[in-house]
Amino acid sequence: METRHHYDDEDEDDERAGGSVPCSVFTDWQWWWQRLDQVPMILALFFISPLKNDKKVTEIEGETEKERKAENGKTNGKESKYDSLFQRGDLLEVPRTMFIHFGIYLGGGRVAHLIPDILPVISSNTLAIRQMVTNERLIMGVLAKCASVRVDTVDDFAYGSEILVNKMDTLCSRPPLRGEEVARRAESLQGSVAYSLLWYNCEHYVMYCRYGTVMSFQTSQFCKVVKKLFLSRRCAKLSAVLNILLMFYLGAVSVFSVLLAVLVSGLIWMAS
């Protein structure tokens, strides 16, 4: 099989076949975006569970039936079936594979939540952005540290998982704000935001909306585990022994190497 080395030749073949060709493969994000489906998204298991067929949810053909129903319920004042289960301003939680995802119920079957998403950064297509965030969009958003506060249907937010309601009320020392105030805060923060997996994620967002404080119990728990594993006195002693053995093994015993070994072990010891 003959290998094409120039994009011009490939473009000419596509033009003969009657297809449309992007003017520049290096600047047309849509061209690259369509090829993300070819990349194996193994990391998706850590962010969204259970997995669904992303090809179905990424087809851009206007609003989906569920979105239209939610929008009609909002504009026409009709109640959603979820209005009998949740109240406006409730904090919703859904378990993922490695963490818990959070959102604020707005009424009418709609949920405001913060989720990593790369698409608003690289595209201005509002219809595409409004589609449910797929694994590819989410993972690229995590890596690029960009997210958006968006409103989705309850079904899209839950992604097939069980929904817990206001469980955080028993953990947080602060009393929750009034439901209307919680929902108003959640709605006012819609749009693109900077994202950090540890320092500003979906839990920080809902904690501010419902309790008026920016914090994350998941982040605190993660930091405790890291401290227990790497910032303990046992780890400090082990690092000192390993540094000494490494210096003698490499024959790199010098004033600089000794000071470096003492500094590393000393910092771990003081942080333990």
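What you are looking at is a predicted structure, and each value in this text was computed from that prediction instead of being measured.
- Gly103 approaches His113 most closely through the heavy-atom pair CA-CB, 3.9 Å.
- More than 12 heavy atoms of other residues, nucleotides or ligands sit less than 6.0 Å from atom CD of Gln218.
- Note that the CG atom of Leu259 and the OG atom of Ser254 stand 8.5 Å from one another [nearest 0.5 Å].
- Applying the salt bridge (Lys or Arg N to Asp or Glu O under 4.0 Å) test to every pair with at least one member in residues 187-208, sequence neighbours left out, gives these pairs: Arg88-Glu187.
- Under 3.5 Å, the side chains of Ser239 and Ser265 contain a donor-acceptor pair of N or O atoms.
- Taking Ala186 as the reference, Ile104, Leu106, Ala112, Tyr205, Cys209 meet the side chain to side chain contact (heavy atoms under 4.5 Å, CB included) condition, with sequence neighbours excluded.
- Under the 4.5 Å side-chain criterion, counting only non-hydrogen atoms from C-beta, Ile118 is in contact with Cys146.
- To the nearest 0.5 angstrom, Leu119 atom CG is 4.5 Å from Arg137 atom CZ.
- Partners of Glu181 under the salt bridge (Lys or Arg N to Asp or Glu O under 4.0 Å) rule, at least two apart in sequence or in another chain, are Arg184, Arg185.
- Side-chain atoms of His204 and Thr219, non-hydrogen and from C-beta on, do get closer than 4.5 Å to each other.
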Working for side-chain contact (heavy atoms from CB on, under 4.5 Å), residues Val193 and Ser148: CA-CA 5 Å; Val193 296; Ser148 62; 5.9 Å; no
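- If you chain together ILVMFWY residues whose side-chain heavy atoms come under 4.5 Å of each other, Leu229 ends up grouped with Leu198, Trp199, Phe222, Val225, Val226, Phe230.
- Judged as a salt bridge (Lys or Arg N to Asp or Glu O under 4.0 Å), not a single pair has a partner in residues 214-241 (not counting sequence neighbours).
- Cluster partners of Leu238, using a side-chain heavy-atom cutoff of under 4.5 Å among ILVMFWY residues and allowing indirect links, are Leu242.
- Here Ile163 is tied into one hydrophobic group with Tyr82, Leu85, Phe86, Leu92, Val94, Tyr105, Val111, Val154, Phe157, Val165, each link being a pair of ILVMFWY side chains closer than 4.5 Å.
- Linking Ile, Leu, Val, Met, Phe, Trp and Tyr residues whenever their side-chain heavy atoms come within less than 4.5 Å places Leu143 and Leu197 in a single cluster.
- A donor-acceptor distance shorter than 3.5 angstrom exists from the side chain of Asp83 to the backbone of Gly108, with no hydrogens or angles considered.
- With respect to Asp156, the side chain to side chain contact (heavy atoms under 4.5 Å, CB included) criterion is satisfied by exactly one of Met132, Arg110, Gln131, Arg150: Met132.
- Considering only heavy atoms from C-beta on, Tyr195 stays 4.5 Å or farther from Asp117 through its side chain.
- Considering every non-hydrogen atom in both Gly141 and Pro116, the closest pair reads C-CB, 3.9 Å.
- The ring-ring contact (aromatic ring centres under 6.0 Å, His included) analysis of residues 117-148, with sequence neighbours excluded, yields no pairs.
- Side chains of Thr134 and Leu138 form no contact here, defined as non-hydrogen atoms less than 4.5 Å apart.
- Under the 4.5 Å side-chain heavy-atom criterion for Ile, Leu, Val, Met, Phe, Trp and Tyr, Leu267 and Val241 are members of distinct hydrophobic clusters.
- With sequence neighbours excluded, no residue forms a ring pair (Phe, Tyr, Trp, His ring centres under 6.0 Å) with Phe102.
- Under the salt bridge (Lys or Arg N to Asp or Glu O under 4.0 Å) criterion, the residue pairs touching residues 207-220 are Asp169-Arg210, with sequence neighbours excluded.
- Listed for the Ser84 side chain is a donor-acceptor partner under 3.5 Å among the backbone atoms of Lys81.
- Not counting sequence neighbours, the partners of Thr213 by the side chain to side chain contact (heavy atoms under 4.5 Å, CB included) test are Arg174, Met207, Tyr211, Met215.
- Closest approach of Leu114 and Ala147 over heavy atoms only: CD2-CB, 3.9 Å.
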Please output the side-chain donor-acceptor pairs of residues 244-253 that fall under 3.5 Å, not counting sequence neighbours, one pair per line with the distance.
none

